[in-house]
Amino acid sequence: TSISRQNWWVLLGDMGTGKTSLVLRFVKGQFFEYQESTIGAAFFTQVLSLNEATVKFDIWDTAGQERYHSLTPMYYRGAAAAVVVYDISSVDSFIRAKKWVQELQRQGNPNMVMVLVANKADLQDKRKVENEEGEQYAKENELFFIETSAKTAQNVNELFYEIAMRLAKA
Ligand code: GTP
């Protein structure tokens, strides 16, 4: 059997945390050291095969710059999944991620699958946010947590497959 779901996912997080890079790694297998900052939002579409089901979904990659903040509810309202990204080398980006989680808890779809992503896991020598801090926050807020690197591709497929699997079970 083949099940097709009309759904979209959204990526949120501070500027420069690697949202676009995660999507490009996943959708196209590409990574750019000098990835341009997103203006407004970017749209991607993807199809995944999960056992016997085919899941088709769209991804809205939002711009992290503060001036675009007022646009983001358009993308997260009604989203099936929200991926909140921070950069392990930036404490500020972790603080910003927690603010996103709070905003989604208040204003997002209550059934939304929420994921906290600690990106740039390849930058171990520049790490400012310990794995345990992210894990603990995710646990307290009932989020799925994963450390990724768009650069090395570590856990990138795992991240998106996990969301698809959680949605398929819902
Ligand atoms: P905005 O569009 O401004 O919100 O940024 P963004 O969150 O989409 O970040 P983007 O993907 O543009 O990446 C910002 C910078 O970080 C780029 O120079 C990327 O090459 C770099 N980058 C992204 N992911 C990783 C990663 O996993 N490891 C390392 N070392 N660099 C990364």
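The structure presented is a predicted model; accordingly, all values stated were derived computationally and were not measured. What's counted below: heavy atoms across the whole structure, side chains too, no hydrogens, waters or symmetry copies. Atoms within a ligand are numbered from 1 in the order they appear, just like the ligands themselves.
Each of D14, M15, G16, T17, G18, K19, T20, S21, F31, F32, E33, Q35, E36, S37, T38, A63, G64, N119, K120, D122, L123, S149, A150, K151 has a non-hydrogen atom positioned under 4.0 Å from some atom of ligand 1.
The aromatic rings of Y161 and F26 stand perpendicular to each other, their planes meeting at an angle above 60°, with 30° marking the opposite boundary.
Residue pairs meeting the side-chain hydrogen bond (donor to acceptor under 3.5 Å, both in side chains) criterion with at least one member in residues 137-147, sequence neighbours excluded, are Q105-N141, R127-E147, N131-E147, Q136-E140.
In this model, no donor atom of one side chain and acceptor atom of the other lie less than 3.5 Å apart for D92 and S90. In summary, the side chains of N119 and T17 do not present any donor paired with an acceptor at a separation below 3.5 Å, with no hydrogens or angles considered. At a cut-off of 3.5 Å, with distance as the only test, a side-chain donor of T20 or D61 sits close to an acceptor on the other residue.
Test W60, Y68, F43 against Y75 for ring pair (Phe, Tyr, Trp, His ring centres under 6.0 Å) and you get one pass: W60.
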